[in-house]
Amino acid sequence: MTNDAATLEETTVTSCARPATPEDVALKGRIQELKDQWGNKLVILAHHYQRKEVVPFGDFVGDSYYLSKMAAQQDDAEHIVFCGVHFMAESARILCRPDQRVYLPNLRAGCPMADMVNDDQVDDAWDWLAEFMDMSKIIPVSYMNSAASLKAFCGANGGVICTSSNAEKAFKWAFERGEKLFFFPDEHLGTNTANQLGIPRDERVIFDPLNPPEDPEPFKKAKVLLWKGYCHVHTNFTAAHVDQVREQYPGVKVVVHPECKEEVVDKADAVGSTAFITQYVDEQPPGSIIAIGTEINLTARMADEYPDKTIFELSGQNCPLCVNMFRTTLGDLAECLEDLGKKNEIFVPDNIARDARKALERMLELG
Ligand code: 13P
Ligand code: SF4
């Protein structure tokens, strides 16, 4: 079925998951039993992109900003289980108390965008820039989707972390402290944020770590230096998708995540973090038609939760699935709780945690 031929009914996402099996029912019962046994000594954090059968076990469900804030506020919990991806659990580890323990139920759940930047690349970029710039005037800003060591780099160099919900605040924060900012690893969040702040295009430059620049001139002129990284889930949405849904469904509202390309964001009605998207959907009146440009499990859950609204994913043809978020199954969660304290624990070396914490706390202060 081509997108053109699709009808409203056919493109409406209701579910991405298979129906529950007797094994699923048993796993759910076991997870609940273990949760009850641990009581307030256990907290489960679940990101909005988690499978719909995993989400209800979250004591807190939200975007990466909210969940990191919750991780920092759990006074009673001895164990924090993060149903999400590695950088989220690592950030929770850094922000919670040293005596608390943090787990990721599926240790293979990473983030390909976070892997598009590493310590050596940033050190090399920094050294190269230092050959012709005063580095005390450049503020490093890392997206939450990055390794703890890069968050530590920001902490040690007067920088800050941001999420999709506070990138604008983080950019402003950086410009109050320096003349330029160096943002990694999401070029698109960086571009969309620069657009929101009205930073002219000739004051931005892209740093491609796979093809490092040789000409310093554009970097001397730029105010915003953007790492060439991207999320393969969000960059699949196109401006043509927005045009198509507007043509097919007059009155449709289009809401997208800021990891989408700028031409998609420019054509959307609203842009924001996963928490913003859930709130936006909630605020639309019954009968609304809403196309969402983000990960499919969130869209599918919204479609289930709001049967009085017609909700579907923006592309209508690519299934925008984050396979890493999808890795965490009921079985993984049950096993993690069963063996709490014995496996799936996340560790961050003290020296890295100390500097990363500075940058993360600055982020929490931004709100
Ligand atoms: P949020 O911070 O909006 O939850 O996004 C996290 C993420 O990884 C989006 O792809
Ligand atoms: Fe990473 Fe994209 Fe998955 Fe978010 S949706 S965790 S940015 S790969």
Side-chain angles (χ1 to χ4, degrees), residues 16 45-51 54-55 58 60-71 82-92 95 104 106-117 141-147 150-151 161-170 183-190 192-193 227-237 255-261 264-265 268 270-281 292-302 313-315 318-328 360 363-364 366-367:
C16 187
L45 305 177
H47 186 263
H48 279 308
Y49 294 163
Q50 288 294 288
R51 290 170 182 247
V54 168
V55 169
F60 300 96
V61 179
D63 65 4
S64 53
Y65 176 80
Y66 174 73
L67 295 175
S68 59
K69 197 165 133 185
M70 290 305 103
F82 208 126
C83 297
V85 290
H86 193 268
F87 71 81
M88 295 179 177
E90 216 175 35
S91 301
L95 284 166
L104 184 66
N106 187 320
L107 288 172
R108 291 184 306 136
C111 168
M113 184 217 280
D115 293 341
M116 288 178 190
V117 58
V141 182
S142 177
Y143 192 21
M144 182 67 126
N145 302 38
S146 60
L150 291 163
K151 293 185 174 79
I161 310 301
C162 72
T163 70
S164 59
S165 71
N166 57 16
E168 222 178 301
K169 286 182 190 163
F183 180 66
F184 41 81
D186 188 8
E187 178 191 338
H188 302 289
L189 176 62
N192 291 320
T193 308
W227 198 262
K228 196 174 173 60
Y230 62 92
C231 164
H232 66 287
V233 178
H234 289 91
T235 47
N236 264 321
F237 295 107
V255 57
V256 303
H257 194 276
E259 289 174 11
C260 292
K261 293 176 186 161
V264 176
V265 170
V271 56
S273 76
T274 55
F276 172 88
I277 292 171
T278 60
Q279 196 187 333
Y280 182 85
V281 169
I292 305 184
T294 197
E295 208 275 339
I296 189 69
N297 281 281
L298 174 53
T299 303
R301 193 155 49 81
M302 293 287 95
E313 72 88 4
L314 175 61
S315 81
N318 315 315
C319 180
L321 175 75
C322 176
V323 287
N324 282 284
M325 286 285 183
F326 202 60
R327 285 189 199 282
T328 304
L360 279 166
M363 176 196 79
L364 292 180
L366 291 177

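These figures come from a predicted structure and were not determined experimentally. Both ligands and their constituent atoms are indexed starting at 1 by order of listing.
- Under a 4.0 Å criterion applied to the non-hydrogen atoms of E259, ligand 2 contributes the atoms 2 (Fe), 7 (S).
- Every atom of ligand 2 is numbered from 1 in the order shown, and the set under 4.0 Å from a heavy atom of C231 is 2 (Fe), 5 (S), 7 (S).
- A 6.0 Å sphere centred on OH of Y66 holds more than 12 heavy atoms belonging to other residues, nucleotides or ligands.
- Scanning all protein heavy atoms for the shortest distance to atom 2 (O) of ligand 1 gives S64 OG, 2.5 Å.
- The distance from ligand 2 to the heavy atoms of P112 drops below 4.0 Å at these ligand atoms: 8 (S).
- Per-residue contacts place S273 under 4.0 angstrom from the following atoms of ligand 1 (heavy atoms of the residue considered): 3 (O).
- The ligand atoms of ligand 1 that sit less than 4.0 angstrom from a heavy atom of N145 are 7 (C), 8 (O).
- Close approach of ligand 2 to H232 (heavy-atom distance below 4.0 Å) involves ligand atoms 8 (S).
- Close N/O approach between S164 and ligand 1 is found [any backbone or side-chain N/O within under 3.5 Å].
- Scanning the protein for heavy atoms near atom 9 (C) of ligand 1, the closest one is E259 OE2, 3.1 Å.
- Here the side chain of D63 pairs no donor or acceptor atom with the backbone of T274 at under 3.5 angstrom.
- When only non-hydrogen protein atoms are considered, atom 6 (C) of ligand 1 lies nearest to H47 NE2, 3.8 Å.
- The main-chain N or O of P185 is never found under 3.5 Å from a side-chain atom of Y230 such that the two would form a donor-acceptor pair.
- At a heavy-atom distance under 4.0 Å, only side-chain atoms of Y49, from C-beta outward, approach ligand 1.
- Counting only heavy atoms from C-beta outward, the side chains of C231 and H257 never approach each other to under 4.5 Å.
- Contact atoms of ligand 2 toward Y49: 5 (S) (distance under 4.0 Å to a heavy atom of the residue).
- Atoms of ligand 2 found under 4.0 Å from any heavy atom of C322, numbered from 1 in the order shown, are 3 (Fe), 5 (S), 6 (S), 8 (S).
- Under 4.0 angstrom from ligand 2, the non-hydrogen atoms of N145 all belong to its side chain.
- Distances from atom 1 (Fe) of ligand 2 show that C111 has an N/O/S atom below 2.8 Å.
- Remark: minimum distance from atom 5 (O) of ligand 1 to any protein heavy atom is reached at H257 NE2, 3.3 Å.
- Note that the CG atom of N192 and the CD atom of E168 stand 10.5 Å from one another [nearest 0.5 Å].
- For H234, every heavy-atom contact with ligand 1 shorter than 4.0 Å involves the side chain, none the backbone.
- Taking 4.0 Å as the cut-off, E295 does not count as a neighbour of ligand 2 on heavy-atom distance.
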Exercise for review: Carefully, step by step, assess T294 and Y49 under the rule side-chain hydrogen bond (donor to acceptor under 3.5 Å, both in side chains).
Suggested key: CA-CA 9 Å; T294 197; Y49 294 163; 2.6 Å; yes

